[in-house]
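Notes follow once the structure below has been shown.
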Amino acid sequence: MTSNQQPNNPLHGIKLADILTELIENLGWEEMEKETGIKCFGNNPTFKSSLKFLRTMPWARKRTENLYLDWLEYKELHNL
């Protein structure tokens with residue numbers, strides 16, 4: 001599948017690990033838990049355990065992806 005087959009999907013081609021990394025670096029675990037309601041982000045979070053959780057729980061992955069999209073929009077609006 002080539003990237004032009006999903007031209008309207010802003011997440012196409014972006015790895016979940018990259019999304020998680022950017023959110024951790026820019027928002028931090030506490031803010032991620034606050035915004036998504038995902039407890040694994042606030043209870044002794046590690047990158048590896050959070051990534052595993054997001055890969056097995058579609059609802060949590062969707063919330064995290066939505067937070068990432070919101071973050072991208074915020075960055076664009078504020079020229080970050």
Side-chain angles (χ1 to χ4, degrees):
M1 185 182 303
T2 61
S3 61
N4 62 358
Q5 289 179 327
Q6 292 190 21
N8 296 323
N9 182 354
L11 296 173
H12 182 69
I14 301 174
K15 296 178 183 176
L16 183 58
D18 295 337
I19 290 171
L20 189 58
T21 297
E22 181 154 352
L23 290 175
I24 293 166
E25 289 175 357
N26 292 285
L27 300 179
W29 293 109
E30 189 175 311
E31 185 66 19
M32 289 168 59
E33 179 189 25
K34 180 181 158 191
E35 293 295 325
T36 63
I38 299 172
K39 298 208 182 295
C40 79
F41 292 155
N43 185 15
N44 256 347
T46 66
F47 183 84
K48 185 177 178 180
S49 66
S50 296
L51 192 57
K52 182 178 180 180
F53 181 77
L54 294 175
R55 286 180 174 149
T56 58
M57 298 295 181
W59 64 268
R61 181 179 184 139
K62 185 68 176 162
R63 287 185 193 177
T64 303
E65 290 172 342
N66 287 340
L67 179 60
Y68 178 72
L69 292 173
D70 291 344
W71 166 245
L72 290 180
E73 186 177 319
Y74 177 85
K75 272 182 21 176
E76 187 175 315
L77 288 172
H78 294 88
N79 296 319
L80 300 176

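- The nearest pair of heavy atoms linking P58 to T56 is CD-O, 3.5 Å.
- Note: W59 and F53 have perpendicular aromatic rings, judged against thresholds of 30 and 60 degrees for the angle between ring planes.
- Note that the CD atom of E73 and the CD atom of E76 stand 7.5 Å from one another [nearest 0.5 Å].
- When every heavy atom of T46 is checked against every heavy atom of W29, the shortest pair comes out as O-CH2, 3.7 Å.
- With values rounded to the nearest 0.5 angstrom, K34 atom NZ is found 10.5 Å from L27 atom CG.
- Across every non-hydrogen atom of L11 and L69, the tightest pair is CD2-CD2, 3.8 Å.
- Using a distance-only test at 3.5 Å, with no hydrogens or angles considered, a donor-acceptor pair links the side chain of N26 to the main chain of E22.
- Note that CG of L16 and OG1 of T64 are 7.5 Å apart. Values are rounded to the nearest 0.5 Å.
- Atoms NZ and OG1, on K15 and T21 in that order, are 10.5 Å from each other to the nearest 0.5 Å.
- In this structure, CG on L67 lies 8.0 Å from CZ on F41, to the nearest 0.5 angstrom.
- More than 12 non-hydrogen atoms from other residues, nucleotides or ligands lie less than 6.0 angstrom from CZ of F47.
- Remark: M32 CE to S50 OG distance equals 6.5 Å, nearest 0.5 Å.
- Looking at R61 and E65, a side-chain N of the basic residue comes within less than 4.0 Å of a carboxylate O on the acidic one, giving a salt bridge.
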